[in-house]
Amino acid sequence: MEIAFYLSGLIAVLATLGVITNTNPVHALLYLIVSLISVALVFFALGAPFAGALEVIVYAGAIMVLFVFVVMMLNLGDQGAAQEKAWLRPRIWLGPSLLAAVLLVTLIATLWSGDAGRMISGEVLTAKAVGSLLFGPWLMVVELGAMLLLAALVTASHVGRVASPDKPEVNAESGARKEAS
Amino acid sequence: MNGIPMEHGLVLAAILFTLGFAGLICRRNMVFVLMSLEVMLNAAALAFIVGGTAWGQPEGQAMFLLVITLAAAEASVGLALLIQLHHRFKSLDVDAANRMRG
Amino acid sequence: MSLLPLTFLLPLVGTLILALSRGTLNARASAVVGVASVGLAALVTAWVGWTFRADGGTGVDMTLWTWLSVGDFQPAIGLRLDGLSLTMLSIITGVGFLIHLFAAWYMRGESGVTRFYAYMNLFVFSMILLVLGDNVLLLYLGWEGVGLCSYLLIGYYYQTSANGWAAFKAFIVTRLGDVFLAIGLFLLFRALGTLNIAEILARAPEVWNEGSLEVQLAALLILGGALGKSAQLPLHTWLADAMAGPTPVSALIHAATMVTAGVYLIARMHGIFELAPTVLYLVGLIGALTLLMAGFAALAQTDIKRVLAYSTMSQIGYMFLALGVGAYDAAIFHLMTHAFFKALLFLSAGAVIVSCHHEQDMRRLGGLWRRLPLAYAGFVVGGAALAALPLVTAGFYSKDEILWEAWAAGNGGLMLAGLVGAFLTSLYTLRLIIGTFHGEMKSDNARHAEPGRGLVHGLPLVVLALLSTFIGAGIHPPLEGVLPSGPGADAHGVGHTVLGIFAAAASLGGLGLAAWLFLKRRRWLAERVAGGWEARLWRLWNQAWGFDIAYDRLLVRPYRGLVHVLRNDIIDRLVLVAGWMAWLSHRGLSYTQSGKLRLYATSMALGVTVILLVLVLGG
């Protein structure tokens, strides 16, 4: 169980590194899926099989498929790979990496300054316990989540709509719709 | 060994979060920005799970459910914005959409 | 008598109709409203005058309502009709009506005629309030009202910025006098506890001894107000520039009525001035100085209207002279005849100006007498009255009376000044007439002069011309019992006749000299004026003794310099630092709003890092 945790953790970190350094969107997506699945394995190792299953189904299944659809729709394939390389020169990523490192050090320092000295035994918390919690005292939170999804649905369907032919043309430089004259 | 120290799980979450953050601020392509955001959300969810299992409570997984809901909502809206960006600017550079500047 | 308020309500109604029409009235309708309101007021005045005479000249007090009420301070909107105010009222509505009528001809084809008549009616309204008010507060309201209308009408052709500046100048210079007047009125109220004029005059001798400092100060301050409004030394500089307005305005406001408000004020307040003989003497002195100064200045003007403007100053100087020797009735009499003949002169000048396509420079006119006979006749009659041609003109009788009163008061110096002034008056008057109507035509505008036609053009000129002759002198203002009679009232004898002969000689001598100089020795005169000390003298007179330049050097420039220094005030600087910092932080903050998403994320992360570090290291 411990071996599973550390191994999947290592894979998750490496795969995530692949996500943020890759220049091809499709490859990066594949790395991301690997990362998510390894995190799901971490969940299993920690004793949260319900969460792990959800991770695979919703994250790696649904959300990533959405990403793949969009990438395919926009035909991003290897278009702009050269551009991505130009945008990823050391001069550009050095500063953010440094900042991220500082943030990491700070987070770890915060962890160590606390008294979180507990061990995770790997005891399984089943879906039953989660379900009775969600549909018992946390019912309102579920409702809120539903509402959030509904709002996201409406927003996405509104924002994502490409202008229909009877709408005014869009100015490619400024991004503003031209004034209807 | 009789278990995993809770700190190790949290450190893993912090590393993933930081990696996502690094990706967020050094990539200009909006697809990568959104992916980095997913990584960061996922890291936060991992922290919840670690906390929940450390205390032997199901609340961690319930919170994970909320995070995953949020991630789904964020992904759908973000991808819609991505489509608009591509449609209007013929580019995925987030810096192209900088007209709201002082 | 209940019709009395109509005299000022009718022009007010006219103003309101014109002002509220918002351009819906055409020029003709505006003229009808503007002229009719004053005409009706003149009819009402005639009725009021007739009943006044029928009642035996006792006068009437009317309190319309209490204006405001603060403790004991309860000024009323009250009217006081007596001989003095009736005289003024008749001049304002009568002459005012004729001028309005003439303006209907003069303003034809101008733009903004509605505005013109609205201002003119408002002026008549304010002026009537000024003379009818039974308390000084109402008088002051009218006083400020006429000042405002004067400002508005001088700047009537506002498209030319010089006219705006002339209006500014008139407003500011008269305002200087108004401030003096206001302080004087405060002083009166503080000492006497009342604003009612009759009560002021009754109480003043009880409260003050003759020649006490306080009454002298009050009289001096009131005199300051009168000097400003009546364009006397040293506040006279605005009147010549005030000729920027349309000519009927010059006739009504800057010759016949408003500028005589100072004379009216001093006559009305005579009780105060009687208590301050030194100030009263100063009034006469200022009048004498002004009439000489303006007489010389009028000699050297080339603009018809400016000649008339300086002659107005000079004639008002005569009135002040008369006031100064205590001959109030002579002053008011001259005020009346002056209103007739000066209105006539200005209207004739207006006829010339319009006929000659707005040419008013004498050097570019000339030889017009054949083309513009009516205007010429107006100029001759009016000029004769101005020059006090003996026996046949109104001006002779009034001016002669002033000179006689000055002599009778034992003030030979003032009388002599008056005689010299009379000589100068005939000199510049004939110069004006010869320059405008005789000799050769000096420009195309003069050659293509179109004589005015129609009743509205002819009637005012004819009526005023008749009033400027001895017929006008036959009208005696009913001033008995209102004003104390002058020092020479009882002693009409040989001395008066001799003085009359002297005055006639001065007038005729001036005319003769002018005829000789400007008809026979024209070329010689032009050569003399071209260079040498004569040229300098000419320039000095042309600029009216350089008062404008002196005021500019002594007052305006030091003030502007002071303002310039104070503009860099250290306190201002301190205050500006706040604004400067706000601006700086605005620039700084707006720089952070770069529109770059990643920069925002970075700064957020930086903030989070810093807060976490503080918590960890601090904890």
Side-chain angles (χ1 to χ4, degrees), chain A residues 2 5 9 12-13 16-17 19-20 25 28 32 35-36 39 42-43 46-48 50-51 54 58-59 63 66 70-71 74 76 84 87 92-93 96-97 100 103-104 107-108 111 116 118-123 125 129-130 133-134 138 141 145 148-149 152 155-156 159-160 162 170 172 174-175, chain B residues 1-7 9-12 14-16 18-23 25-29 31-32 35-36 38-39 42 46 49-50 52-56 58-62 64-66 68-73 75-77 79-84 86-90 97 99:
Chain A
E2 287 87 356
F5 172 80
V13 171
T16 308
L17 265 174
V19 172
I20 63 170
L32 184 55
S35 162
L36 292 173
V39 170
V42 168
F43 291 169
L46 288 173
F50 178 60
L54 270 183
V58 177
Y59 248 124
I63 299 179
L66 195 62
V70 169
V71 169
L74 299 180
L76 291 173
E84 285 297 320
W87 284 346
I92 290 169
W93 60 255
S97 308
L103 185 62
L104 180 61
L107 285 173
I108 291 171
L111 269 180
R118 292 188 77 88
M119 297 299 284
I120 298 170
S121 58
E123 202 178 311
L125 283 164
V130 179
L133 179 74
L134 278 176
W138 283 46
V141 177
L148 178 68
L149 282 175
T155 311
V159 171
V162 174
V170 167
S174 66
Chain B
M1 267 198 179
N2 54 352
I4 306 152
M6 182 190 174
E7 286 88 351
L10 289 177
V11 166
L12 178 62
I15 291 171
L16 287 178
T18 317
L19 281 174
F21 172 70
I25 60 175
C26 71
R27 302 307 291 254
R28 287 175 73 173
N29 191 323
V31 177
F32 290 93
M35 281 195 269
S36 305
E38 293 300 330
V39 171
N42 197 34
L46 174 59
I49 294 291
V50 169
T53 49
W55 294 95
E59 269 90 351
Q61 293 189 50
F64 170 77
L65 205 71
L66 270 184
I68 218 168
T69 312
L70 183 66
S76 57
V77 174
L79 287 171
L81 284 170
L82 176 77
I83 290 169
Q84 275 300 329
H86 186 262
H87 177 67
R88 294 196 177 201
F89 295 93
K90 311 294 175 215
R99 285 187 69 217

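All values below were derived from every heavy atom in this structure, side-chain atoms included, with hydrogens, water molecules and symmetry-related copies excluded. Quick note on labels: first sequence line is chain A, next is B, and so on, each numbered from 1.
Both the backbone and the side chain of A:Leu66 come within contact range of chain B, with heavy atoms under 4.5 Å apart. A:Leu107 touches chain B through its side chain: at least one heavy atom from C-beta onward sits under 4.5 Å away, while N, CA, C and O do not. Heavy-atom distances place both the backbone and the side chain of A:Leu54 under 4.5 Å from chain B. At a 4.5 Å heavy-atom cutoff, the contact between A:Trp93 and chain B is made by backbone and side-chain atoms alike. Heavy atoms closer than 4.5 Å to chain B are found in both the backbone and the side chain of A:Phe50. Proximity to chain B involves both the backbone and the side chain of A:Leu125, based on heavy atoms less than 4.5 angstrom apart.
Partners of B:Phe21 under the ring-ring contact (aromatic ring centres under 6.0 Å, His included) rule, at least two apart in sequence or in another chain, do not exist in this structure. Under the side chain to side chain contact (heavy atoms under 4.5 Å, CB included) criterion, B:Ile15 pairs with A:Val13, A:Leu104, B:Val11, B:Leu19, sequence neighbours left out.
A:Tyr59 has its side chain within reach of B:Glu38: a pair of non-hydrogen atoms, C-beta onward, lies under 4.5 Å apart. Within the 4.5 Å cutoff, no side-chain heavy atoms of B:Leu65 are placed close to those of A:Val130. Residues B:Asn42 and A:Leu36 are in side-chain contact: their nearest non-hydrogen atoms beyond the backbone lie under 4.5 Å apart. When side chains are defined from C-beta on, A:Val19 does not count as touching B:Phe32, because their heavy atoms never get closer than 4.5 Å.
With chain B as the partner, the residue from A:Gly145, A:Ala48, A:Ser97 showing the most heavy-atom pairs under 4.5 Å is A:Ala48.
Taking every heavy atom of both residues into account, B:Ser36 and A:Ile20 meet most closely at OG-CG2, 4.2 Å.
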